[in-house]
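Working notes for the structure below.
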Amino acid sequence: MKDTSSTAFPHRHLLGIEGLSPLDIKALLDLADDQVEVSRQVEKKKTTLRGRTQINLFFEPSTRTQSSFEIAGKRLGADVMNMSVASSSVKKGETLIDTAATLNAMHPDLIIVRHHAAGAVHLLAQKVDCSVVNAGDGAHEHPTQALLDALTIRRNKGRIEGLTVAICGDILHSRVARSNMILLAAMGAHVRLVAPSTLLPPGIERLGFEMHTNMRDGLRDADIVMMLRLQRERMNGSFVPSVKEYFRFYGLDQEKLSYAKPDALVMHPGPMNRGVEISSDVADGAQSLIREQVEMGVAVRMAVLEALASHLPNR
Amino acid sequence: MTSDRPILFKNARLIDPASGREERGGLLVRDGVIEDVGPQVNAAADAEIVDCGGQVLSPGLIDMRAFIGEPGAAHRETLKSAGEAAAAGGVTTIVSMPDTNPVLDDPAIIDFVLRRARDTSIVNVRPAAALTKGLKGEEMAEIGLLQEAGAIAFTDGARSVTNAQVMRRALTYARDFDALIVHHVEDPDLVGQGVMNEGEFAARLGLPGIPREAETLMLERDIRLVRLTGGRYHAAMISCADSAEIVQAAKARGLPATCGVSINNLALNENDIGHYRTFFKLSPPLRHEEDRQAMIDALVDGIIDVIVSDHNPQDVETKRLPFAEAEDGAVGLETLLSAALRLVQAERISLPKLLRALSTRPAEILGLPGGRLRRGAPADLIVFDPETPYVLDKRQLRSLSKNTPFDEARLEGQVTVTMVAGRIVFDRRTVS
């Protein structure tokens with residue numbers, strides 16, 4: 001199909017969307033399109049990463065992202081090891097840098113890292129010789145999520161440029177929102193942020209995005225409605241008064257979705273809180289891309305791993 | 001319904017505090033609204049005539065702060081008894097406080113109060129909902145849903161929100177709904193055991209004092225949070241000169257901040273406590289005469305926007321106690337206008353300006369259509385003679401509770417007729 005070797009990915013790590021050029025993003029999405037086909041055939045195994053060791057280092061629990069990276073690595077032929085915090089020496093008090101040094105001594109080729117602290121993945125990347133992929137650092141970035149969202153949009157709408165994308169909900173605490181804002185803006189989409197003011201980071205108005213505090217204005221004529229998860233501990237009076245009130249004013253139901261374009265598509269990074277940020281009939285409805293996002297997750301992660309393959313150590 | 005006969009008020013001294021206009025004339029009411037007003041008003045042939053006999057006709061008073069015992073303490077006051085007291089005092093709209101039992105922090109309870117008021121109260125009742133759940137100052141209440149249910153503002157009533165983070169988030173969140181936050185500005189830690197104004201008089205009575213800083217620190221904090229968040233804010237009551245300075249500076253900066261003052265802090269001072277009279281135990285406390293004068297100055301200058309009754313019915317169980325152990329509060333709906341008219345009689349403020357703080361400004365701050373004599377405005381009106389002298393007898397009060405600080409006081413100015421939504425709900429000519 002496409003020749004991707006000639007446009008080799010110019011980065012050793014994937015730490016965020018920030019720092020990627022529109023060309024880099026396009027190359028990853030093109031590569032991911034090919035991986036979709038791989039995953040849909042009987043023989044899903046490639047040899048790009050044969051002999052390579054991939055460590056999934058998750059300091060925060062994750063089901064979908066971790067399994068998605070695991071499947072992606074295995075389909076490319078890598079040996080994948082999952083290391084979750086529950087069973088690691090971090091529990092025994094080891095610092096992040098010591099953990100990095102310990103793992104580095106085992107000569108891995110790829111480390112996939114999720115950490116609750118913004119910036120932790122960058123710190124770890126400085127201390128190891130292999131490639132590092134950010135699988136989510138605090139409320140900072142989650143680049144593979146933004147890439148899979150972009151891939152899903154592009155495959156359904158045929159483009160990203162010129163689309164109006166409303167990102168709705170807990171933007172304050174969301175790494176998904178930050179990565180998506182950067183990526184979608186870089187690819188020429190018109191990005192809107194829709195949230196109660198308590199869930200918008202103070203100062204974000206200076207970043208140049210269109211902002212709304214009510215869904216009617218925020219969703220008007222949107223092509224894509226991207227919902228974010230609201231964590232349970234933030235629902236009861238601290239950032240928003242209650243689940244009931246949040247759903248009433250910010251939860252995506254059929255009525256609010258009707259403010260968007262008739263062919264608008266609905267996305268959610270998962271895991272969903274049904275009846276909090278999204279109603280079940282919308283989540284499972286004809287306009288929902290939520291299942292497809294999961295499928296694209298594997299393809300995008302395969303593409304990212306493959307793109308980094310040319311930079312891997314231990315040659 | 002409102003297919004009643006039209007009513008013509010004639011021979012009136014019309015005072016529209018919204019425009020400051022004062023003239024002789026009449027006013028025609030039809031279907032609950034003002035149909036015509038001015039020097040020449042032609043009566044419909046079938047109109048009922050009310051001859052004002054040269055008395056003042058003005059918009060009814062809007063009281064932004066009244067505690068009512070219903071639900072939960074109906075032995076102190078009900079929506080019905082508060083409505084009767086209000087009508088006799090010229091108050092046509094009461095903003096009720098959420099300090100009830102249960103607390104007004106649930107849309108269903110707001111709905112209950114509104115329905116109960118509709119069925120039993122002869123004046124308008126607009127409930128203010130709790131700002132935080134259970135008035136605990138910890139988690140913000142359902143501001144959006146409560147507003148949809150009919151809450152007109154959000155306040156923790158007699159309590160202050162001490163946690164600045166909670167206040168910041170509430171102001172931030174409320175801004176999205178253009179909701180008004182009303183705050184009792186008093187730092188409870190600085191109040192401590194205090195029961196009256198800190199100073200010479202408290203020292204002599206051997207009572208622990210409440211420093212002015214309990215108010216100014218909280219107010220200053222709030223104003224900084226208003227600046228940070230842009231939320232709409234109203235300091236429920238201020239009581240000292242320093243507070244007026246803080247509000248003045250906030251307004252000069254263009255912040256969406258307003259404030260009120262209790263009629264008690266305009267009409268009384270700490271000396272009125274005399275020998276431990278608990279009906280004068282209030283929050284904020286009665287302060288020094290200099291503070292009272294400063295409050296009047298701030299009112300005249302427009303720094304203080306509104307005057308409230310701070311109506312707070314208490315019974316003998318909560319008041320017939322040693323001063324320090326008694327509850328705060330005084331009834332005030334029925335005496336609000338008479339007590340306020342003292343400032344006019346003392347030539348400290350003009351009558352239109354006083355009425356502005358009692359009707360127009362509250363309406364503007366609350367977003368209500370009343371508070372003005374204008375065609376199309378709701379016919380919430382009062383007729384009163386500002387000079388009728390009388391001595392207040394607390395037994396005559398319509399409130400179920402009689403804890404007035406004006407018992408046996410010589411007052412001037414009494415309401416003759418009160419109209420709410422085009423209906424005459426009080427008429428002293430037929431009451432003797």
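Below, chains carry the letters A, B, ... as their sequence lines are ordered, and counting in each starts from 1. From a predicted model like this one, the values you see are computed outputs, not experimental measurements.
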Anything in [range] with a heavy-atom distance to chain A below 4.5 Å? Please list those residues in order.
range	value
residues 176-187 of chain B	Asp176(B), Phe177(B)
residues 166-173 of chain B	Arg168(B), Arg169(B), Thr172(B), Tyr173(B)
residues 144-163 of chain B	Gly144(B), Leu145(B), Glu148(B)

Quick check on [X]: does its [atom1] atom have over 12 non-hydrogen neighbours (other residues, nucleotides or ligands) under 6.0 Å away?
X	atom1	answer
Glu161(A)	CD	no
Glu18(A)	CD	no
Arg372(B)	CZ	yes
Arg216(A)	CZ	no
Arg227(B)	CZ	no
Lys136(B)	NZ	no

(message) Let me confirm one number: the CD-OG distance from Glu138(B) to Ser238(A), rounded to the nearest 0.5 Å.
(response)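 If we round to the nearest 0.5 Å, Glu138(B):CD and Ser238(A):OG are 12.0 Å apart.
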
(message) Which residues in residues 241-259 of chain A have any heavy atom closer than 4.5 Å to a heavy atom of chain B?
(response)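 Within residues 241-259 of chain A, near chain B: Pro241(A), Ser242(A), Lys244(A), Glu245(A), Arg248(A), Phe249(A), Tyr250(A).
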
(message) Looking only at heavy atoms and a cut-off of under 4.5 Å, which of Glu139(B), Arg175(B), Glu142(B), Gln165(B) has the most pairs with chain A?
(response)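 The residue among Glu139(B), Arg175(B), Glu142(B), Gln165(B) with the greatest pair count is Glu142(B).
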
